[in-house]
Number of protein chains: 4
Amino acid sequence: MALLQKSIDKRTALLKATLTLVNNGGIQEASMAKVAKTAKVSPATIYLYFQNKQDLINRLYIEVKTDFTNMAFSDYTPNNPVKLSFEQIWFNMMNFKLNNPDEASFLAQCDNTPMIDEPTRQEGLTKIQPLFELMERGVKEDLIKNISPYLLYAYTIYPMTFLINMHKRNLHPLNQQTLKDAFQSAWDSIKI
Amino acid sequence: MALLQKSIDKRTALLKATLTLVNNGGIQEASMAKVAKTAKVSPATIYLYFQNKQDLINRLYIEVKTDFTNMAFSDYTPNNPVKLSFEQIWFNMMNFKLNNPDEASFLAQCDNTPMIDEPTRQEGLTKIQPLFELMERGVKEDLIKNISPYLLYAYTIYPMTFLINMHKRNLHPLNQQTLKDAFQSAWDSIKI
Amino acid sequence: MALLQKSIDKRTALLKATLTLVNNGGIQEASMAKVAKTAKVSPATIYLYFQNKQDLINRLYIEVKTDFTNMAFSDYTPNNPVKLSFEQIWFNMMNFKLNNPDEASFLAQCDNTPMIDEPTRQEGLTKIQPLFELMERGVKEDLIKNISPYLLYAYTIYPMTFLINMHKRNLHPLNQQTLKDAFQSAWDSIKI
Amino acid sequence: MALLQKSIDKRTALLKATLTLVNNGGIQEASMAKVAKTAKVSPATIYLYFQNKQDLINRLYIEVKTDFTNMAFSDYTPNNPVKLSFEQIWFNMMNFKLNNPDEASFLAQCDNTPMIDEPTRQEGLTKIQPLFELMERGVKEDLIKNISPYLLYAYTIYPMTFLINMHKRNLHPLNQQTLKDAFQSAWDSIKI
DNA sequence: TATGAATGAGTATTCATTCAT
DNA sequence: AATGAATGAATACTCATTCAT
């Protein structure tokens, strides 16, 4: 038990260290030596928990993405009206990103980078399936434009990354009003 | 003249080589040795044109961003109606990205990455000033919501990156119809 | 008893694993981790049976050499005529190498390599003492040239290594005829 | 010119360093770091002259083998009688090994080790072609047994390795008499 | 302007070995 | 007797950068 806990702690420390380092200087700054030192562990120990650097990054991606979508769909009730559910999910996502800036920043960095390999990227994609299903329902109920889910995603969820980035860089702070405006734009872009 | 041209060619070749390499494997794959080899030049020669690797990346960013905005505003006429101008700019940007996938991919990679240093990022931002001014005019003319330009950008321009990415990965091809849908969503998200 | 047997099995498995690995890629390929994995044992377990890697290799050498010489002298009868005994031993050795290619290959690799330490090498040398005595007898009986036993060994036994190597690499297969020729050459080189 | 000489010197120093280190502790002791330090050069410099460690070893093998055979056939005259030529070559080889113990020891280590890759081994083999042709002539002239050249080699040349090894370890010194005996055994093993 | 050669510090990964259980 | 976890030091190799020419 104690042993197992220690192992879990080490694994977690390694993931956390990687997250921090990648955020601060990109994947190139997150050398295995630095990850090890940050996690207070020998470089060799990393390889007890991960196959190699790519695996470490992939696993981190999946775990962060999972945390993110778990939060996003935490109170999702398929029977609720589409717009209500959509609003809940949207604000859950935004709140996750606001409350977990490191995780948000990491996910943003993964988006347009060859950091993550394709299979892992696909695996991550499956996590937001419920959102796609909700949108589909909205289309059927004539609430949402009958356009590709990729378009719907591009104009409602994807802009968050930019807004969070501007927020972090103090160029455009997100508060109750701006969040409201942002959501309104998201909804306006897809509603019929 | 011939000598000067040769120099320019070399500089251009170096930038092009960097672009290609960064696109294919991220910044970590674009080692100075590889850049030199790809540009058919000695590694030492790079340092005649750029101070160091960071400078090389920064300059590439500025040049690509400049090409991009030059195209975007190529036919911009301040006296034209807001929506017409906005539409022109929007499609110019999209066409640039579709016609220059390498440049588009590179810019996308720069967005959420510590690759580019902050001053250079700011410099890049100034290039789209005309768009911000156009939006401001739209706000004044009660055509566009009275919200932060960052929000306007987030919901009209930023989604392009995602759409181009999906297009490149063959997950959601962009054609006349989908482009039209995309623009409509962009406009819907900000129009009053 | 069952417990003891299990121990012996493990030790044997470790030696066998080492043999295989060294044969396939030299001593550098036979890492303790790989030896352990091949023997289906924890790395730490190796150190219950052997002091360290050098000891493991040394012990393997001695055991293989012992097997080899046991076979060589299995039917040795000191009273038999010199040439008959010599022939028996020669073919026994050859047959051992042909029937146990892994052991043969390992011994060959040990011959001119600093893999085995000097004391262990000496220990291995004592195992073929009976052959040296037989040769001495042959010298006394005026059947064999009165030259150093090292010379006698060099021209009768040592060439086997080369022939086995060529056989293994399919460059010069050993069959009844070529074996006969080989023995003839061996004998011709030392007979008076 | 001076530059080129410096390059050649470095390459030579690297090969020499490798030779020494491999002789003293096998290929596993000849780490790139040690080779570099021994040659008084940066580790990175090795890779200016050799593709990787395997290439370094391969090249060393070829160069040493070339030196060896150059010496062996230095005074070879195809028109001379077979036995005379054979004797010249045999003593040339032996003298090379006696005068260049490091090279001899290295070649011995290469014989039964996976150190050298197969293509390079084949390349090395071609260097002793003249010896095989000489033996063929001896067979035609009814001076040498009509047996495979591999057998002829095994009983005349290959034993040198063992004798040199014993000589080096002071177990059986080679002097004029023992060399004469050795050659006699070699010849006796193959002559008709 | 342009270069090939050179490098010390760094890269990801593996090593032989130990230790708490 | 046996182990999985752990490690500091080592591995082969690459890096961004400099320098003599």
Side-chain angles (χ1 to χ4, degrees), chain A residues 1-4 6-7 10-11 27-37 40-56, chain B residues 3-4 6-7 10-11 28-37 40-56, chain C residues 3-4 6-11 28-37 40-56, chain D residues 1-4 6-7 10-11 27-37 40-56:
Chain A
M1 177 118 75
L3 258 180
L4 179 59
K6 247 177 103 183
S7 268
K10 243 164 222 176
R11 211 188 103 99
I27 205 180
Q28 58 177 349
E29 277 308 290
S31 75
M32 296 305 253
K34 277 188 197 156
V35 168
K37 186 174 249 184
K40 287 177 187 164
V41 140
S42 160
T45 302
I46 304 180
Y47 294 86
L48 296 177
Y49 295 94
F50 305 95
Q51 290 164 33
N52 49 38
K53 186 173 181 178
Q54 183 66 66
D55 182 47
L56 169 62
Chain B
L3 269 178
L4 178 60
K6 238 178 115 186
S7 269
K10 247 166 217 176
R11 211 189 103 100
Q28 58 179 348
E29 208 60 15
S31 74
M32 297 302 257
K34 278 189 197 155
V35 168
K37 185 176 244 182
K40 287 175 185 165
V41 141
S42 161
T45 303
I46 304 180
Y47 293 85
L48 297 176
Y49 295 94
F50 305 96
Q51 291 163 34
N52 50 36
K53 186 173 180 178
Q54 182 66 65
D55 182 46
L56 169 63
Chain C
L3 270 178
L4 179 59
K6 240 178 114 185
S7 270
I8 292 174
D9 287 353
K10 247 166 217 176
R11 212 189 103 100
Q28 58 179 348
E29 208 62 15
S31 74
M32 297 303 255
K34 278 189 197 156
V35 168
K37 184 176 244 183
K40 288 175 187 166
V41 141
S42 161
T45 303
I46 304 181
Y47 293 84
L48 297 175
Y49 295 94
F50 305 95
Q51 290 164 35
N52 50 36
K53 188 173 179 178
Q54 182 65 67
D55 183 45
L56 168 63
Chain D
M1 176 118 75
L3 258 180
L4 179 60
K6 246 179 104 182
S7 267
K10 243 164 222 177
R11 211 189 104 99
I27 205 180
Q28 59 176 349
E29 277 310 288
S31 74
M32 297 305 255
K34 277 188 197 157
V35 168
K37 185 174 249 183
K40 287 177 186 163
V41 141
S42 160
T45 302
I46 304 180
Y47 294 86
L48 296 177
Y49 296 94
F50 305 96
Q51 290 164 32
N52 50 38
K53 186 172 180 178
Q54 182 67 64
D55 182 47
L56 169 62

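Proteins come first, then strands; the chains are lettered A, B, ... in the order of their sequence lines, and each starts at number 1.
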Dot-bracket for DNA chain E, 5' to 3', Watson-Crick and G-U pairs with both distances under 3.5 Å, [ ] for crossing pairs, | for partner on another strand, reads .||||||||||||||||||||

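Listed pair D/S31 / F/dA10 fails the phosphate criterion, with no side-chain N or O lying under 4.0 Å from OP1 or OP2. Checking the phosphate oxygens (OP1, OP2) of F/dA5, no side-chain nitrogen or oxygen of A/K10 falls inside 4.0 Å.
Residues A/S42 and B/K40 each lie close to DNA chain E; by heavy-atom proximity, the contact nearer the 5' end of the strand is made by B/K40.
For the pair A/K37 NZ and E/dT11 C1', the interatomic distance rounds to 15 Å; values are reported in whole Å. For the pair D/E29 CD and F/dA10 P, the interatomic distance rounds to 11 Å; values are reported in whole Å. Across the protein-nucleic acid pair, D/K34 atom NZ and F/dC13 atom P stand 16 Å apart, rounded to whole Å. If you take CG of C/L56 and C1' of E/dC15, they are 15 Å apart, rounded to a whole angstrom. As rounded to whole Å, 14 Å separates atom C1' of E/dG10 from atom CD of B/Q28.
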Side chain to side chain contact (heavy atoms under 4.5 Å, CB included), that's the test. Do A/V35 and A/K53 meet it? Break it down for me. CA-CA 10 Å; A/V35 168; A/K53 186 173 181 178; over 6 Å; no

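Atom NZ of residue A/K34 and atom CD of residue A/E29 lie 4.0 Å apart, to the nearest 0.5 angstrom. Atoms CG and CE, on A/L56 and A/M32 in that order, are 5.5 Å from each other to the nearest 0.5 Å. Considering CG of A/D55 and OH of A/Y49, their distance stands at 14.0 Å, rounded to 0.5 Å. Atoms OG and CD, from A/S31 and B/Q28 in turn, are 12.0 Å apart once rounded to the nearest 0.5 Å.
Listed by residue number, D/A44, D/Y47, D/N52, D/K53 are the residues of residues 44-54 of chain D with a heavy-atom contact under 4.0 Å to DNA chain F.
Counting any heavy atom pair closer than 4.0 Å across all strands shown, B/M32 reaches a base atom.
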